[in-house]
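A short worksheet on the structure shown next.
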Amino acid sequence: MNIRALLSFTILLSVIGGHANATTYAMPENTQDSIITQYPDGMPLAHTDEDETLLDVARRFLLGQTEIVRLNPDIDRWLVKKGEIVRLSNKRILPDSPHDGITLNISEYRMYYYPPTKKGEAPKRVMSYAHGVGRQDWKTPLGKTRITRKIMNPSWHPPESIRREHAANGDPLPVVVAPGPNNPLGTRALHLALPGEYRIHGTDVDKIHGIGMQITHGCVRMYPKDVEELYDMVAVGTPVYIVKQPIKVGWLDNVLYVEAHPSLEGEETTLEQRFAVALGLIEKANNQEMPDYDQKALNRALTNQAGEPMAIYERLPPLENADPGVQTEEAPQPAPKPPRQPSPTGYYRGY
């Protein structure tokens, strides 16, 4: 099987203390493709100019902590030495959800926002942001909802359950936390049409490195810069799809990719289960036929779960003016696959 060669590396020299404009992607030219690329000329790397933490690099490039740690498993997250090279994200497979409003894929700790377009037009760009989600005992609910309110500089009224938890840990909370640098809602809050005061919001100075982790009480937490940008763009009534898709499959320029993320805490899966899910998605992406995919590449993606799209199959591009009755490529034989398991992917109705 021919898999096109990987693009050569491109080193992007970063400026300490600065921020990369790392959230806006052009949608694929082919509307059937579902992979977005930030740096089309190569794989981005960051060159550190002084000792810092991997979390500092993540914040500078608006990536989540879990994401950058998975991309750099051999680097100490608490000490990136001066001159060390850090890998950044580049390609992403769009979640399998409507390209309308906001999609939160809690399995990858990322949000995708499709700005409004004229009626009948497909979106031309998408913006992606890192975010934190609810921990195992405070799960972020799945399903379709919408933004009901927008509040700038919100006060926080911690629920009684959270106040009891903090009190038990020796950190009592007041009845109301006023706006300011220690307010865990940050400077912006987007309320969702869900019971229990679920919001998309910013964060305080003490929790900035929790972005991209399973750490909240169910809300969706964003970097201050990101939530302020999103707040100014979205309107009340914007649809929000909350999905859980640890494995995604998508096409780009006739190459099929798979992207795998670890399951959330308390929902761990076996390699056999991940294979079953991935093979079902591959078959679906290839018009219900199983292509002669690169089994070693698929195994690496599902084993490492690094969150990077990995090429597993390349098909012949369609011939212009070809006779539809002429077969141009021998139909591939289905590859052996393990027993199917219930798929944790997809977006769900109901909460």
Side-chain angles (χ1 to χ4, degrees), residues 17-24 53 55-68 101-106 108-113 115 127-135 138-141 145-163 165-166 169 171-194 196-238 240 242:
H19 287 275
N21 183 13
T23 59
T24 302
T53 71
L55 280 59
D56 294 325
V57 180
R59 183 184 178 189
R60 188 162 68 252
F61 289 95
L62 304 178
L63 303 174
Q65 180 177 161
T66 301
E67 179 177 20
I68 202 165
I102 295 171
T103 289
L104 305 169
N105 186 9
I106 63 175
E108 60 173 320
Y109 308 105
R110 289 207 74 84
M111 169 190 304
Y112 297 84
Y113 170 60
M127 307 180 78
S128 182
Y129 303 102
H131 62 70
V133 300
R135 63 183 197 237
W138 293 85
K139 293 183 179 180
T140 302
T145 182
R146 69 185 188 283
I147 293 174
T148 58
R149 284 191 295 159
K150 298 170 56 176
I151 300 180
M152 186 179 295
N153 297 319
S155 296
W156 182 42
H157 298 74
E160 184 60 32
S161 56
I162 295 179
R163 295 185 64 207
E165 178 186 286
H166 277 254
N169 294 330
D171 179 29
L173 291 173
V175 176
V176 179
V177 179
N182 296 313
N183 187 314
L185 300 183
T187 64
R188 306 288 190 276
L190 301 168
H191 287 248
L192 303 177
L194 296 170
E197 290 293 313
Y198 286 100
R199 314 170 184 88
I200 299 170
H201 61 76
T203 188
D204 61 8
V205 293
D206 295 329
K207 300 180 178 65
I208 199 74
H209 292 310
I211 304 301
M213 297 182 67
Q214 191 175 354
I215 198 171
T216 76
H217 287 94
C219 286
V220 175
R221 180 186 297 166
M222 299 177 65
Y223 284 121
K225 176 181 177 180
D226 285 350
V227 74
E228 289 169 7
E229 180 178 71
L230 183 70
Y231 183 97
D232 290 340
M233 291 188 296
V234 301
V236 170
T238 298
V240 178
I242 307 176

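Side chain of Thr145 to main chain of Ala193: a donor-acceptor pair is present (N/O by atom type, distance under 3.5 Å, no hydrogens or angles). A donor-acceptor pair is defined here as one N or O able to donate and one able to accept, closer than 3.5 Å; such a pair exists between the side chain of His131 and the backbone of Arg110.
Note that CD1 of Ile242 is 7.5 Å distant from CD1 of Ile106, once rounded to the nearest 0.5 Å. Between atom NZ of residue Lys150 and atom CZ of residue Arg188 there is a gap of 9.5 Å, rounded to the nearest 0.5 Å. Once rounded to the nearest 0.5 Å, the distance linking CG of Asn153 with CG of Asn183 reads 9.0 Å. Between Leu185 atom CG and Ile200 atom CD1 the span is 13.0 Å, to the nearest 0.5 Å. Going from atom CZ of Arg199 over to atom CG of Leu194 covers 12.0 Å, rounded to the nearest 0.5 Å. Taken to the nearest 0.5 Å, the CG atom of Leu230 stands 14.0 Å off from the NZ atom of Lys225.
Tyr113 pairs with exactly one of Thr24, Ile102, Val240 by the side-chain contact (heavy atoms from CB on, under 4.5 Å) rule, that one being Ile102.
Two residues are said to be in side-chain contact when any heavy atoms from C-beta on lie closer than 4.5 Å; Ser155 and Pro179 meet this criterion. At a threshold of 4.5 Å between non-hydrogen side-chain atoms, the residues Ile147 and Leu192 count as touching.
Judged as a side chain to side chain donor-acceptor pair (under 3.5 Å), and not counting sequence neighbours, the contacts of Gln65 are Arg77. For Asp226, the side chain to side chain contact (heavy atoms under 4.5 Å, CB included) partners two or more places apart in sequence, or in a different chain, are Thr23, Leu62, Tyr129, Met222, Tyr223. Take Thr187 and apply the side chain to side chain donor-acceptor pair (under 3.5 Å) test, not counting sequence neighbours, and it matches Glu228. Legend: residues meeting side chain to side chain donor-acceptor pair (under 3.5 Å) with Thr53, ordered by chain and number and at least two apart, are Asp56. For Thr203, the side chain to side chain donor-acceptor pair (under 3.5 Å) test picks out no residue, with sequence neighbours left out.
Residues Ala189 and Tyr231 come closest through the heavy atom pair O-CE1, 4.0 Å.
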